[in-house]
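Everything below concerns the one structure shown next.
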Amino acid sequence: MLITRCLRALTALAAAAAIGVADAPQPPLELLGWKAVWSVPAGEEARLSFLSGENLITATPEGTVTVHDPGTGAIRRTIHTSAPSVQEAWATTGTLVVAGSPRGSLDETLYGYDLASGGLLWRHALPPSGPRTDNNVPRILVSEYGVVVFQRGSGLLSLDVRTGGVHARAADAVGCEGQPGSTSRAVLLLSYCGQGPVRLDSFDPRTLRRNWTRPVTTRHTTAEDAVRLWFRRASEGFVIAGVDNDEFLFTQDGTPLPVSRLDRAAASWPAGGDIRWSPPLEVGHHPDAENDAGFDWNNAWPLPGYLISRDQDTGRLGAFPLDRPLTHTANFVGATSHLAFIHSDAQVTAFRPVYGRPTGPVALGGVPPQAWPDACSLLTPRDLGHGIRPVSGSKSLGDLTLPRPVTCDWVPPEDDAEVISLSVSWVSSDAGALFAAAAGQTKRHESFDYDPTIEGDGIFSYTAHGAGGTFGATLVNVGPVIVRLTSPSRLLQRLAAVRVRDNLMARYRPGERIRPPERTGGWTHLADAGVRADLVVDGGVVYAGADDGLYALDAVTGRVRWRSSPAAPMLVDGVLYAARPDGVAAVDASTGRMRWNRRLDSSFAVVIEAGSVYAGTGFTHVVALDAATGEQRWRFRVPGSSLGRIVVAAGTVYVISRESLLSALDAKTGALRWRARLGTGYLTPAGYLTATGEALFVAAGTKVFAFDPATGKTRWRARFGDAVGYAPVVIGGTVYLGDLAGRTYALNTASGEERWRLTTAGDSGLWNVTESRGVVYVGGRHLHALDPVSGEERWSRPLTARVSIHEDTVFAQDEGGTLHALDAATGAPRWRFQTGGRFQTRPVVAGGLVYVGSSNGNLYALRATDGLPGPSPADLDRLRHPASPAPIERDLRPSNGDRLRSRH
């Protein structure tokens, strides 16, 4: 009995304690970030995507407007407007307002449409604005109270939203620079008239009566000053005006807050603080990051994008991370009480807020700074080789200081050797989703290439191409951590990425192992820039010209035999000739040692024939070099301002100039044999030549000629409706020509008589003709297999293709970077391989492998039977010796050549 009473008492105490714990106050949930919930397609123009009341609007410049449900993205209505060219659009109180230009005019007209029916309600032509400059473009605001237009020459105009009728006019700020803005109940005008201060006025949107005026004191007081006036999106209760780089904060009644430049250092409030956040105002980097708003892949730390909000009590800004990165152009569309909308990558994406109880700053998504690992601890000298030392970098994200370095450079002992830079990009429980989103966005972006051979298992490598050159990086994700690596050497970058992943696996997923790369018999070579020149495969060696060097690779293993300066390889009679923009060199094919090196002024159109090298130089000369010594044999100046292509056949050199002059030169002496004027005028580019022993075929503009090679007499000529854009292709007794409209012509080589023609949807820029086993394959907008006699189609495939044929397989490349293997008889697909970049070389098949180069810097040796790639030789070395660093492949310096060292 006593024991029973004690148990009951203990039970009661435990229950009371549990009730006490449950009743204890819990810290409030805080906003930690934003998570994507859905996306809808949108046009490229971000300004044509916007939120208006209960509608999300996306529009195209051609005049199609789509109305979406902002809660789900579902389409409510599609309206085809009568505006031929749409500049802006708005929606409010059941009305769609579109600003567009009538056909043939630069002036703007406003159109009003009923959102429910799509019917036109009204139109209003704005006064002519004069020359289309930033100062003269009408500024338009649309709200439930009216449509307000500001024009420099006519002031303010207010129109009724439903009828388009004029509510009021105001001549305020006529002739002044002005920028309108709005709050929920007022129109704002920030103006500068060349004298005195900048002025901020508030007007009633219906009557345009002035509510209040406030001066904005800046350094601009003279008419000569160029002033940029702007408004920033603000939460209810604030007006944020800007003059150049200065911001000014007012309440809605015009009371200025005592700041001249807003405090944007609001990254590290303590958890549990009572902060009332406004809806998001903008999208970009963290506000304390060095870059302006917007995402830059070349300086992408921290990795996620941010939505920026304001503390409604203090006006301070807070940055809340998205669960995905931003593209180059990301624009904030608007926000409802539950969702925020961003336009990027031709989509509008809806994000919902994520709340929780953070253990760290909101700028880090609530993750404690102690969770961020030391960047230098993610690699060791043993991973990279002895002598390479770490140099710690930054610990800060704006004003937020982390306890350990988030960047680290691994520096080799040699001054000219490659550095490996590493940064911890993000730490989060959702890091895997962010990593996958970054990879997906990169694949869709036309300016980026990626490497599919190391995709997956937590590694993603990409390369960006831009005006500033080529830039590459690798992302690594294991557990909560995303790491970003860069190096001038893609090979070192790749090896370091694997080591970083393995070290993170040991830390966050101990005991797990990554599946080793499959050994297929194929391989992948990593250059540090795009592989552009057509490949040469001979004697068990692949000669590949990349932007960072000329490589000689073992055809079976992919190992580098030697490397020299960048050039396009040409193998003739056992000698490798390297063509560069500044000259030609002869290289020993087995060792890479240079036999001779001839520098020329702008070398182009290099041809090697019968012991001589012929090249265009200086834009007006043809030079002949001895193929054995590089000594000049002769030099000939061709009349005209610029040379075109050079061809050599049967002891004659043919060259054409842009002035449509065709010259035939003796190949041994350079003496002029004959000259013909084509009568096609100035050509850009110069015409296209193809020579055989029996005839010379010239395509110049819309005309095609066949010449007697001995006398220069015209045998026949033909004319087409569109210019021929490619060199004629001669197969047997047929010459094939492709024009810029997408048509292919098959002509009799002897008479010029048309045998048949193929008409396609347009020119792809990749027209080519190949013949094999009695079938002609025409690549262009589609790939066509044709009967060579009748032109009858046997099959076709929707591939914008460059074609190579090997036995019974057609290898066709498309513009998306995919190599397709097709049955030559039926066109049925056998396999396909996505290179991750764009094709730079035509496929070459030898020894059971298909060799092809890509703009991503990879040279792939694919198994011809199924298209499977293989690992790089360095990957195989790592598998054989996992505890020691893989050897670094070094290039051989030619005896009198320059070794290229790529720096990004």
Side-chain angles (χ1 to χ4, degrees), residues 449-457 459 461 490-491 494-495 497-498 513-527 531 534-546 551-563 569 571 589-590 802-813 817-824 828-837 839-854 856-882 886-889:
D449 299 330
Y450 66 97
D451 186 353
T453 64
I454 58 171
E455 184 182 355
D457 294 330
I459 296 179
S461 181
R490 293 182 66 238
L491 177 60
R494 176 167 175 166
L495 293 175
V498 173
R513 294 290 182 267
I514 298 295
R515 185 180 64 182
E518 182 179 359
R519 301 181 186 226
T520 63
W523 47 263
T524 303
H525 170 74
L526 281 76
V531 181
D534 276 340
L535 307 171
V536 175
V537 182
D538 184 77
V541 181
V542 179
Y543 301 98
Y551 293 86
L553 310 172
D554 187 284
V556 176
T557 66
R559 293 194 177 279
V560 177
R561 293 191 174 185
W562 53 261
R563 174 188 174 190
L571 188 67
S590 61
R802 294 181 66 198
V803 177
S804 294
I805 314 294
H806 182 72
E807 296 180 348
D808 63 346
T809 303
V810 177
F811 297 97
Q813 304 168 327
T818 301
L819 178 65
H820 301 261
L822 309 174
D823 184 282
R830 291 180 171 174
W831 54 259
R832 64 181 182 177
F833 175 74
Q834 169 57 253
T835 68
F839 285 109
Q840 307 288 311
T841 72
R842 187 183 296 271
V844 177
V845 185
L849 295 175
V850 184
Y851 304 93
V852 63
S854 173
N856 67 3
N858 284 1
L859 192 157
Y860 298 101
L862 308 174
R863 196 161 62 186
T865 55
D866 51 22
L868 289 179
S872 73
D875 290 329
L876 295 177
D877 289 334
R878 180 180 55 81
L879 294 175
R880 295 189 190 100
H881 310 287
I888 299 173
E889 294 170 339

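Given the structure is predicted, the values throughout are model-derived calculations rather than measurements. By convention here, the first residue in the shown sequence is residue 1.
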In short, Pro843 meets Ser804 closest at the heavy-atom pair O-OG, 3.1 Å

Is any side-chain heavy atom of Gln840 less than 4.5 Å from a side-chain heavy atom of Thr835? no

Taking side-chain hydrogen bond (donor to acceptor under 3.5 Å, both in side chains) as the cut-off, I'd like each qualifying pair that reaches into residues 862-873, sequence neighbours left out, listed once. Arg863-Asp866, Ser872-Asp875

Between Leu819 and Phe839 the two heavy atoms that sit nearest each other are N-CZ, 3.5 Å

Parallel, tilted or perpendicular, judged at 30° and 60°: which one describes the rings of Tyr551 and His525? perpendicular

The reported gap from NE2 in His820 to CZ in Arg830 (rounded to nearest 0.5 angstrom) is 15.0 Å

Non-neighbouring partners of Arg832 that pass salt bridge (charged side-chain N to carboxylate O under 4.0 Å, His left out), sequence neighbours left out: none

I need the minimum non-hydrogen distance between Val541 and Ala552, along with the two atoms involved. CG1-CB, 4.1 Å

In the structure I gave you, are the side-chain heavy atoms of Arg494 and Asp451 within less than 4.5 Å of one another anywhere? yes

Can you sort out the partners of Asp449 under salt bridge (charged side-chain N to carboxylate O under 4.0 Å, His left out), two or more places apart, ordered by chain and number? Arg838

Does any non-hydrogen side-chain atom of Trp523 lie less than 4.5 Å from one of Asp554? no

Beyond-backbone contact of His806 with Val850, side-chain heavy atoms, under 4.5 angstrom: no

Parallel, tilted or perpendicular: ring planes of Trp831 versus Phe811, cut at 30 and 60 degrees: tilted

Do you know which two heavy atoms are closest between Arg559 and Pro873, and how far apart they sit? NH1-CB, 3.7 Å

From the options Thr841, Thr524, Leu535, select the one residue that forms a side chain to side chain contact (heavy atoms under 4.5 Å, CB included) with Leu859. Leu535

Using modelled atom types and a 3.5 Å cut-off, is there a donor and acceptor pairing between side-chain atoms of Asn856 and backbone atoms of Tyr450? yes

Nearest heavy-atom pair of Phe833 and Pro452: which atoms, and what distance? CZ-CG, 4.2 Å

Looking only at heavy atoms, which two atoms of Ser854 and Gly837 are closest? And how far apart? OG-CA, 3.5 Å

Between Tyr543 and Asp538 (side chain of the first, backbone of the second, donor and acceptor by atom type, cut-off under 3.5 Å), is there such a pair? no

Do Arg490 and Asn858 make a side-chain contact, defined as non-hydrogen atoms from C-beta onward lying under 4.5 Å apart? yes

Hey, are the side chains of Thr453 and Tyr860 touching, using non-hydrogen atoms and a 4.5 Å cut-off? yes

Quick one: pull up CG in Asp457 and CZ in Arg513 and give me the separation to the nearest 0.5 Å. 13.5 Å

